[in-house]
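Because only heavy atoms are used, hydrogens play no part in the values below, and waters and symmetry mates are left out as well, while side chains stay in. To find a chain, count down the sequence lines: A is the first, B the second, and so on, and within it residues start at 1. Model, not experiment: these values are computed from the prediction.
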Protein chains: 2
Amino acid sequence: MTRDSLIRALEAAESHCAGRGEKLTPVRRRVLELVLEADAPVKAYDLLEALKPGPGAAKPPTVYRALDFLMAAGLVHKVEALNAFVGCSHAHDDGGAELFICSDCGSVEERHGAPDPVNMPDGFVIERSVVEHFGHCANCRH
Amino acid sequence: MTRDSLIRALEAAESHCAGRGEKLTPVRRRVLELVLEADAPVKAYDLLEALKPGPGAAKPPTVYRALDFLMAAGLVHKVEALNAFVGCSHAHDDGGAELFICSDCGSVEERHGAPDPVNMPDGFVIERSVVEHFGHCANCRH
DNA sequence: TGCGAGTGGTGATATTATAACATCCGTGAT
DNA sequence: ATCACGGATGTTATAATATCACCACTCGCA
């Protein structure tokens, strides 16, 4: 992600939060920035490390609280199978995203609006879906 | 799961392993039994507890090794979003399953053969998919 | 001014998972 | 028979991930 698009994403996030009556505080903004900067899913404790240099070294709850907020706002998604987090420049309030994660380079592509499964159990009502595809992206495929 | 179908599932598992040139040892068999008996996803440390009563109290690696084996054999699936495990009476060597998990009663239904995503990034090749739907089953819906 | 909600700091601890090395046991070669 | 080997398990310790409980601060507002 380029410097410019990072800045644009942060501004978009700011107004996205404002629209929801919530505040993108400095900690939250910094965490979002770190997640967006990364070119692969980021671990919570790596964020923790990255926040250390500052005068107030962050503790785990700080990071997890920021991540919870960002996930609720749709600005960050958790990759459940990796216990890691990916940023999302175009926030959506709808449920979950469909993620395509390259096992070689770590890049993540996000898609939305997958149709309901064809083969659903009778009467089941979906509230939240986790869909994560692991494989090789066009660049890494040989 | 009834007593009878449990026994049948264990026998099926036994021959499934034999067909692969692998052994369903007592520890592995016991872990599979515990997972199948449960009517909801089971945590690794609950299995650990359940194995304690025996003379040799199991340690974490024992349980995780058994689970790794059973997953490789397709007899157990991990619910990534819950860090928990579900049994699967009809083993399949193919990749992953699509899981429907009821948030009320914990019941899990398994489906297979979902079509490839319609909206896949150009050139992406899927190796393994994690698909977990959370919601309410027919019995718990109101 | 004082209250209350929201936010973040801090220390402790719970939960999930693996590393590293020792031991045991069955199988096949010598 | 016995030795060497590989697979499975036992054992100790620790790594990695996540939450709890409580306190302090700040800001908007009655």
In whole angstroms, the gap separating C1' of dA15(D) from NZ of K43(A) amounts to 12 Å

What is the separation between atom CZ on R29(A) and atom C1' on dT7(C), rounded to the nearest whole Å?
18 Å

In this structure, how many angstroms lie between the P atom of dA14(C) and the CG atom of D46(B), rounded?
16 Å

Among the nucleotides dT16(C), dG10(D), dT18(C), which one has an atom lying closest to any side-chain atom of N83(B)?
dT16(C)

Nucleotide dG8(C), atom P - distance to CG of L24(A) in whole Å:
10 Å

Could you check how far CD of E22(A) sits from P of dT7(C), rounded to whole Å?
7 Å

Nearest whole angstrom, please: distance from the C1' of dT15(C) to the CG of L47(B).
14 Å

Of the listed dT19(D), dT18(C), dG8(C), the closest approach to the Y64(B) side chain comes from dT18(C)

Considering only heavy atoms from C-beta outward, does the side chain of M120(B) approach that of I126(B) to under 4.5 Å?
yes

Can Y45(B) be called stacked on dT15(C) when the rule is centres closer than 5.5 Å and an angle between planes below 30°?
no

Tell me the interatomic distance from K78(B), atom NZ, to dT15(C), atom P, rounded to whole angstroms.
16 Å

Taking the side chain as everything from C-beta on, heavy atoms only, tell me whether P60(A) gets closer than 4.5 Å to Y45(A).
yes

Between F85(A) and K23(B), who's closer to the 5' end of DNA chain D by nearest nucleotide?
K23(B)

Is the shortest heavy-atom distance from the side chain of L34(A) to the side chain of F85(A) under 4.5 Å?
no

How long is the gap from CG on N119(A) to CD on E109(B), to the nearest 0.5 Å?
11.0 Å

Closest to side chain of T25(A), choosing from dT7(C), dA17(C), dG10(D)
dT7(C)

Give the nucleotide from the list dT10(C), dT9(D), dT18(C) with an atom nearest to the side chain of K59(A).
dT10(C)

OP1 or OP2 of dG8(C) sitting under 4.0 Å from any side-chain N/O of T62(A)?
no

Indicate the ring-plane relationship of F124(B) and F100(A), choosing parallel, tilted or perpendicular according to the 30° and 60° boundaries.
perpendicular

How close or far is atom P of dA18(D) from atom CG of L67(A), stated in whole angstroms?
9 Å

Please confirm whether any donor atom in the side chain of R65(B) sits under 3.5 Å from an acceptor in the base of dG10(D), or the reverse.
yes

